[in-house]
K.L.:
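Structure provided below as structure tokens; questions to follow.
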2 protein chains.
Amino acid sequence: MRLLLIEDEKELAAALSVALKKHGVVTDHTMQLTNAFELTLQNDYDAILLDRRLPDGDGLTFIPKLRRAGVKSAIIILTARNEPLERVEGLNIGADDYLGKPFLVEELIARVRAVLRRPAQLAEPSIAAGHMVIDPLHLNVMLDTAVLDLPRRELLVLVALAKRKGRTVLRSTLEAAVYNYEEEIQSNALDSHISRLRKRLQDASAGVAIHNIRGVGYLLKEE
Amino acid sequence: MRLLLIEDEKELAAALSVALKKHGVVTDHTMQLTNAFELTLQNDYDAILLDRRLPDGDGLTFIPKLRRAGVKSAIIILTARNEPLERVEGLNIGADDYLGKPFLVEELIARVRAVLRRPAQLAEPSIAAGHMVIDPLHLNVMLDTAVLDLPRRELLVLVALAKRKGRTVLRSTLEAAVYNYEEEIQSNALDSHISRLRKRLQDASAGVAIHNIRGVGYLLKEE
DNA sequence: TAATGAAGATTGCCGCAGCATTACGGAAAG
DNA sequence: CTTTCCGTAATGCTGCGGCAATCTTCATTA
């Protein structure tokens, strides 16, 4: 396992490197973001440990830059700021984990391993469908440049269809995407949502159509 | 997004469900591990939120059981114990993340999203047959890049044949694949389906042919 | 090789399951 | 209080699919 440590406190960095080494981890160390950027492009790190407060900028702003450059490595933020709101900010910007100082090296290792267990698939969470761009993570639908505002249930249906656009989605899959097991459905509620969603998509000229596969499910098709 | 919440504090669970709902997350809730196990097998949850201290056991011991059963869902542990060493223990046993109470719902959402940046399905048993790619799980048949729209019963016949392509499939096996116990058959309905399916496959130039083994069954052969 | 019966193939019929749409009203949101 | 959401049910429509009649193919016999 190979890590890049971006940290300006020399003593902490050195101690971490030694500790990580004992766990069989190879660690590269740099103190500047500019230098870090080149290193990430040249090497394929399993994970990047990123201090937030750095001499040449905020570590947070570095994350989008990396992601845009196609860097798939897991990113774990190290910081003294460990307020919940700060952590939310870091995770939402694309970090994989957030670790507040002080921490045990064992915990860092454990978190790195946990992060590495999940295949990095940060590439393209957004789905293009017709004239829409759908962000399934944040449940956001953009139509051209404007936000398409959809009711919650219709939105869930659309996202479920978009995730498998061009392929059939089982009726049961759609139901599971919209309802939990407590909310039993005794009627054609799903059909209602489909119908209303169809109307909305057509009125908005979204460039997609929902087809039915009788007895099987539905299918989102671009037109 | 669909979660399973395993939590014995009713009020917390209810509050979480409501909060998650506002983020477009469908949440199932149970208070017991035994019940939870069945739910995970029946549903394909994106993530499982697991309380550590539960009436019928320690949540931690539940994790290996799930993994052994082939459950791939992300697991996030919720707990009042937030000591570093405890967290290490949880992560090492196979959890994807660890969240100490109290926490902000926004942080939970953010962590779930971070954990979910992984390929949607780890199991992909698609079958190639002729020019088709058949997804037996989603009952989806792609012919080149377009969906091949088949009626339900013909689709079931095709999937059953494709699962054993190149080998003979007993007539009784096909009947079992298309009809359940309640639907008893009093005619040559299966023959009808075979006939119609053959026509559709030929019209679509699917690159396969269904042969009959007299007195035994049928056989899907690529050509 | 021809006769014969059984198994399979094909096709029209049409009942009804499954789907689409919409109005209504309660509930929830703002 | 107003507006939107959404579950329910009523209504109409479409085509799947079970049935049966008819034709075709195959295996077995003399």
Side-chain angles (χ1 to χ4, degrees), chain A residues 139 141 147-158 160-161 168-175 177-204 209-221, chain B residues 14-15 17-24 26 139 141 148-161 168-175 177-203 209-221:
Chain A
L139 292 178
V141 178
V147 176
L148 181 58
D149 199 11
L150 290 175
R152 199 174 70 89
R153 303 234 114 125
E154 294 173 34
L155 182 56
L156 292 174
V157 170
L158 177 61
L161 286 171
T168 48
V169 182
L170 296 183
R171 189 180 187 78
S172 61
T173 304
L174 289 178
E175 286 174 354
V178 178
Y179 299 95
N180 66 24
Y181 74 110
E182 288 169 352
E183 305 169 304
E184 58 181 88
I185 299 182
Q186 334 176 345
S187 75
N188 57 351
L190 180 61
D191 301 60
S192 301
H193 295 309
I194 295 274
S195 177
R196 289 164 184 154
L197 179 56
R198 274 183 174 140
K199 183 161 172 42
R200 278 203 167 85
L201 292 177
Q202 193 166 26
D203 290 353
I210 299 175
H211 295 269
N212 169 258
I213 312 293
R214 181 172 270 248
V216 183
Y218 290 87
L219 161 66
L220 185 72
K221 205 171 171 183
Chain B
S17 292
V18 171
L20 287 167
K21 186 177 175 182
K22 291 179 181 171
H23 288 266
V26 174
L139 292 180
V141 178
L148 182 57
D149 189 0
L150 292 175
R152 203 177 98 84
R153 303 234 114 124
E154 294 173 34
L155 184 54
L156 292 174
V157 170
L158 177 61
V159 168
L161 287 171
T168 341
V169 182
L170 295 181
R171 190 184 184 83
S172 60
T173 305
L174 287 179
E175 287 175 353
V178 178
Y179 298 94
N180 63 26
Y181 315 99
E182 296 162 357
E183 306 167 306
E184 56 183 87
I185 228 177
Q186 328 177 356
S187 74
N188 61 346
L190 180 61
D191 301 61
S192 303
H193 296 311
I194 295 275
S195 173
R196 290 166 183 151
L197 179 57
R198 274 179 173 143
K199 181 160 172 42
R200 279 206 166 85
L201 292 177
Q202 193 167 27
D203 290 354
I210 299 176
H211 296 271
N212 170 259
I213 312 296
R214 182 168 267 252
V216 183
Y218 292 87
L219 163 66
L220 185 71
K221 206 172 172 183

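All values below come from the heavy atoms of this structure, side chains included, with hydrogens, waters and symmetry mates left out. Naming: A, B, ... by sequence-line order, numbering from 1 per chain.
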K.L.:
Of the nucleotides C:dG8, C:dA20, D:dG7, which one has an atom closest to the side chain of B:Tyr218?
P.N.:
C:dG8

K.L.:
Both A:Val216 and B:Arg198 contact DNA chain C. Which one's nearest nucleotide lies toward the 5' end?
P.N.:
B:Arg198

K.L.:
Looking across every strand, which nucleic acid part, if any, lies under 4.0 Å from A:Ala189 by heavy atom: base, sugar-phosphate, or nothing?
P.N.:
base

K.L.:
Kindly indicate, with the supporting measurements, whether the criterion side chain to side chain contact (heavy atoms under 4.5 Å, CB included) is fulfilled by B:Ile210 and B:Leu158.
P.N.:
CA-CA 9 Å; B:Ile210 299 176; B:Leu158 177 61; 5.6 Å; no

K.L.:
Could you tell me how far apart B:Leu197 (CG) and D:dC16 (C1') are, to the nearest whole angstrom?
P.N.:
14 Å

K.L.:
How long is the line joining NE2 of B:His211 and P of D:dC26, in whole Å?
P.N.:
12 Å

K.L.:
Using a distance-only criterion (donor-acceptor N/O pair, under 3.5 Å, no hydrogens), is the base of C:dT21 paired with the side chain of A:Ser192?
P.N.:
no

K.L.:
Of the nucleotides C:dA9, C:dT21, C:dC13, which has the atom closest to the B:Asp191 side chain?
P.N.:
C:dA9

K.L.:
Under the salt bridge (Lys or Arg N to Asp or Glu O under 4.0 Å) rule, what do B:Asp191 and B:Arg171 come out as? Steps first, then yes or no, please.
P.N.:
CA-CA 10 Å; B:Asp191 301 61; B:Arg171 190 184 184 83; 2.4 Å; yes

K.L.:
Does OP1 or OP2 of D:dC6 have a side-chain N or O of A:Arg196 closer than 4.0 Å?
P.N.:
no

K.L.:
Just the rounded figure in Å: distance from C1' of C:dT22 to CZ of A:Arg200.
P.N.:
14 Å

K.L.:
Would you classify B:Arg214 as touching base, sugar-phosphate or nothing, given that sugar-phosphate means primed atoms plus P, OP1 and OP2, and contacts are heavy atoms under 4.0 Å?
P.N.:
base

K.L.:
Using side-chain heavy atoms (C-beta onward) and a distance below 4.5 Å, is A:Leu174 in contact with A:Leu161?
P.N.:
yes

K.L.:
Do B:Asn188 side-chain and D:dA20 base share a donor-acceptor contact under 3.5 Å?
P.N.:
yes

K.L.:
B:Gln186 near the nucleic acid: base, sugar-phosphate alone, or nothing, with a heavy-atom cut-off under 4.0 Å?
P.N.:
sugar-phosphate

K.L.:
Given atom CG of A:Leu201 and atom P of C:dA20, what is their separation to the nearest angstrom?
P.N.:
14 Å

K.L.:
Roughly how many Å is it from CD in A:Glu175 to C1' in D:dG7, rounded to a whole number?
P.N.:
13 Å

K.L.:
To the nearest Å, how far apart are A:Arg152 CZ and C:dG30 P?
P.N.:
12 Å

K.L.:
Identify which nucleotide among C:dA20, D:dG18, D:dC16 has an atom closest to any side-chain atom of A:Asn212, counting heavy atoms from C-beta outward.
P.N.:
C:dA20

K.L.:
Do A:Val169 and A:Leu220 pass the side chain to side chain contact (heavy atoms under 4.5 Å, CB included) test, and can you show the C-alpha distance, the side-chain angles, and the key distance before you say yes or no?
P.N.:
CA-CA 9 Å; A:Val169 182; A:Leu220 185 72; over 6 Å; no

K.L.:
Is there a side-chain contact between B:Ser195 and the phosphate of C:dT10, meaning an N or O under 4.0 Å from OP1 or OP2?
P.N.:
yes

K.L.:
Between A:His193 and D:dG7, does any side-chain N or O lie under 4.0 Å from OP1 or OP2?
P.N.:
yes

K.L.:
Are the side chains of B:Leu155 and B:Val141 in touch, meaning some heavy atoms are under 4.5 Å apart?
P.N.:
yes

K.L.:
Separation of B:Leu190 atom CG from C:dA9 atom P, in whole Å?
P.N.:
9 Å

K.L.:
Roughly, in whole Å, what's the span from NZ in B:Lys199 to P in D:dC16?
P.N.:
14 Å

